[in-house]
Amino acid sequence: MAAVSGVLPQVPEPRAAVFRTFSKPRPAHARRQAAATKRKCQASSEAPPAKRRSKASFLPAKKTAAKETRRTLKGKAQRTFSPKKPSAGARDGDQERKPGAKTSSLFKNNPEIPELPRPVVKQVQEKVFTSDAFQALDLHPHLISTINTVLKMSSMTSVQKQSIPVLLEGRDALVRSQTGSGKTLAYCIPVVQSLQAMQSKIQRGDGPYALILVPTRELALQSFDTVQKLLKPFTWIVPGVLMGGEKRKSEKARLRKGINILISTPGRLVDHIKSTKNIHFRQIRWLILDEADRILDLGFEKDLTVILNAVNAECQERQNVLLSATLTEGVARLADISLHDPVSISVLDESHDVSSPESEAFLEASPPQATDELDGFAIPAGLEQHVVVVPSKLRLVCLAAFILQKCKFERDQKVIVFFSSCELVEFHYTLFLQTLLSGSGALAPEHLPSTSTPLKFLRLHSALEQEERTAVFQDFTHSKTGILFCTDIAARGLDLPQVTWIVQYNAPSSPAEYIHRIGRTARIGCHGSSLLVLAPSEAEYVNSLASHKINVSEVKMEDILSVLTKDDCFKGRRGGSQKSRAAGPQEIRERATVLQTLFEDYVHSSEETVSGAKKALQSFIRAYATYPRELKHIFHIRLLHLGHMAKSFGLRDAPKNLCASAMKKKKANLKRPDLQRKKTQSKQRLAEILRSEYASGMETGGTKVRKQNTRAGPASQPRGAARTPGPASPREQIKHPPPSRPQASRKVC
Ligand SMILES: Nc1ncnc2c1ncn2[C@@H]1O[C@H](COP(=O)(O)OP(=O)(O)OP(=O)(O)O)[C@@H](O)[C@H]1O
């Protein structure tokens, strides 16, 4: 086991240095031992260990420790946190113990943490900035001064330098570039430049001259904000946004008055095409498809078909731009049908800079060809990627310790934590809010150590009311610090400034999703870090990432947990002062147990909280079952130890029949073709639910998490692994427009 004591200094370190000491190679004998245990572990991974004692890092905590730590906790709890008394109905088999019941050992019977594979791969990098100023472009002087003074930008990014001149020439383009490289301005500047220069001045009532399609509502707002700023000197051009969650009536009124640059999500636009008389595309000069890969991933192919048909029917002469982080087969097909003689622009490395002869060739018109999804997918140079392997029982305390370390004991940290469903987001948000912020884990401000910062938790997912989604987005955007819990709704395109850490608490379902999530930090040449949390049985995922040219370095769980020794809220039997630099493994274990007890006491404080935790666990299992086939050997429900997983939801035991009923159902299904049919229907329904995250917002009967509702129990929203089966070919669809997709209904479970 790596020595823990003294690894973390008592004063906050600069961010980039924090984990450097963590990945020291282990001595040879330890490696041999670990390899042997790993083999054992693999052999028995189908049936997770029942009573297997693991060595090294999981020394037995003294039996009395939990009792003692509970006593300490109780003292504090009486001051700041009064859990509700468990109601009679809260009793459910093994869950019936009262708050304050003994916390079973977190450190016993865990599977050994295997030594992580360390493949060394050369990551693809691209140069973000160029030395060229916007003045070098042939733009209206007022536009240049707006870019300089309102947007406060002087030099172009590589993708802007390559795209803007091509678009100003009037060419169609397919633009590929890394996350956070400035793609939005790469198309907004040419659109504004060309529309302000039109000979007959644009009138508001003319309707849309540019149509910009984006996959999510937040992204629509973001692009709208950029366009609005660029239009400051050109007040006669009116931008507008249509997106789900807004009132349809007011959107209709705005369409009637006239919108010249129209930004919309596909679902919402299709709704208007079908139901709003005033919408027309007679004047369209620009059609932009931003985040095209995401639009397709979400199953919006049919909506795109309806939109392309509607635009084609009214206007043929226009410029088309397709922007995508990845060039998948779907994107290539879409480019094929929507772009005319396009220029392919890709900023993969410096050799593709326009100033070099090779890059001139690279910019030549060429039919877009799908490559491996991640070939040449660049990772920002300022991004440090980490992975930590955590036994299931310790996941929750490890996440909490990480958040405390970053956001309580370091300054100006902005952290995004990705979960695989809305329910998981709601559960963890509520739990942390109630325990770390207002529970006994929270100290009154006057008692906070001088180095600590108050915690600020936010959450973002599709089951929230649009009003709250927007408010959270704005709040986190403008905050200097904070922790945002979210689903993949925030993974793509969102520009949340100064995010310092991305935590992937649930592993993503594809390398592309991994890249998009980490792309929320280290944007536009800045520095940032990411942490992927894996279970011991998931260690192989590191190799899967490496095969896509993604390098991660290991952080030891013990080093993350050691932050608890800085926080006297979690003082165990032996105490140990904040100043003590040599906090031993035993003290760390005791404090982790205190923290786990805090969580368990909250979860078991009422019927409602127990049921919220169970629902969250079920949601986790459902999402776990949706990993794609190629990852099933790593992420399979059979590899999960449900009792241990339950602990990471603050449950003292696994709820009964959690998996059994699912397995029974599966067996019965095999015998009944009618149920097989139902299963297919439910898969389609899952796709609908996934899409509902990005839905038009016009659906009826949807249930949302009400504003300020911090209780668990929102709509289920598993990860995006289940993709909507798209039509065979969009080209065919263009000729024969399909019926519109059914209204996505919000599922509550
Ligand atoms: N030339 C520039 N100079 C400085 N900052 C810039 C420049 N261009 C864009 N930015 C800023 O960089 C950030 C990222 O830009 P943008 O959101 O357009 O990136 P993106 O490539 O679309 O990212 P993603 O793929 O994640 O959607 C934004 O905050 C934007 O304001």
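For ligands, and for the atoms within them, numbers begin at 1 and follow the listed sequence. What you see below is based on every heavy atom in this structure, not just the backbone, and it leaves out hydrogens, waters and symmetry mates.
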Tested for side-chain contact (heavy atoms from CB on, under 4.5 Å) against Leu545, the lone hit among Asn551, Val387, Ile515, Leu532 is Leu532

Tested for side-chain contact (heavy atoms from CB on, under 4.5 Å) against Ile416, the lone hit among Ile483, Ile518, Val499 is Val499

Per side-chain hydrogen bond (donor to acceptor under 3.5 Å, both in side chains), Arg469 is matched among Gln474, Glu218, His461 by Glu218

- Task: Answer yes or no: is there an ion pair linking Arg523 with Asp495, defined by an N-O contact shorter than 4.0 Å?
- Result: yes

Min over Ala186, Cys526, Ser155 of heavy-atom distance to atom 1 (N) of ligand 1 lands on Ser155

query: Any idea how Trp236 and Phe234 line up, ring-wise: parallel (<30°), tilted (30 to 60°), or perpendicular (>60°)?
result: perpendicular

Ligand 1 atoms nearer than 4.0 angstrom to some heavy atom of Arg520 are 26 (O)

protein heavy-atom neighbour closest to atom 8 (N) of ligand 1 works out as Gln160 NE2, 2.7 Å

Value for CD (Glu291) from CG (Leu219), rounded to nearest 0.5 Å, stands at 5.5 Å

Looking only at non-hydrogen atoms, the one of Ile515, Asp495, Asp132 nearest atom 29 (O) of ligand 1 is Asp495

Residue, atom and distance of the protein heavy atom nearest atom 12 (O) of ligand 1 read Ile524 CD1, 3.2 Å

Filtering Lys152, Lys161, Met153 for the heavy atom nearest atom 2 (C) of ligand 1 leaves Met153

If you scan protein heavy atoms around atom 19 (O) of ligand 1, the nearest is Gly182 N, 3.1 Å

Atom 24 (P) of ligand 1 has as its nearest protein heavy atom Gly180 N, 3.5 Å

A student comparing His516, Lys183, Glu291 should find that the heavy atom closest to atom 27 (O) of ligand 1 comes from Glu291

### Query
Are the side chain of Lys414 and the backbone N or O of Phe476 linked by a donor-acceptor pair below 3.5 Å?
yes

For Ser181, the atoms of ligand 1 under 4.0 Å from one of its heavy atoms are 19 (O), 20 (P), 21 (O)

In terms of relative ring orientation, are His428 and Phe419 parallel, tilted or perpendicular, with 30° and 60° separating the classes?
parallel

Quick note on ligand 1: atoms under 4.0 Å from a heavy atom of Phe134 include exactly 1 (N)

Numbered in order shown, the ligand 1 atoms found under 4.0 Å of a heavy atom of Thr184 are 16 (P), 17 (O), 18 (O), 22 (O)

*Could you verify whether a donor N or O on one side chain and an acceptor N or O on the other, from Ser529 and Glu384, lie under 3.5 Å apart?*
no

the protein heavy atom lying closest to atom 17 (O) of ligand 1 turns out to be Arg523 NH2, 3.1 Å

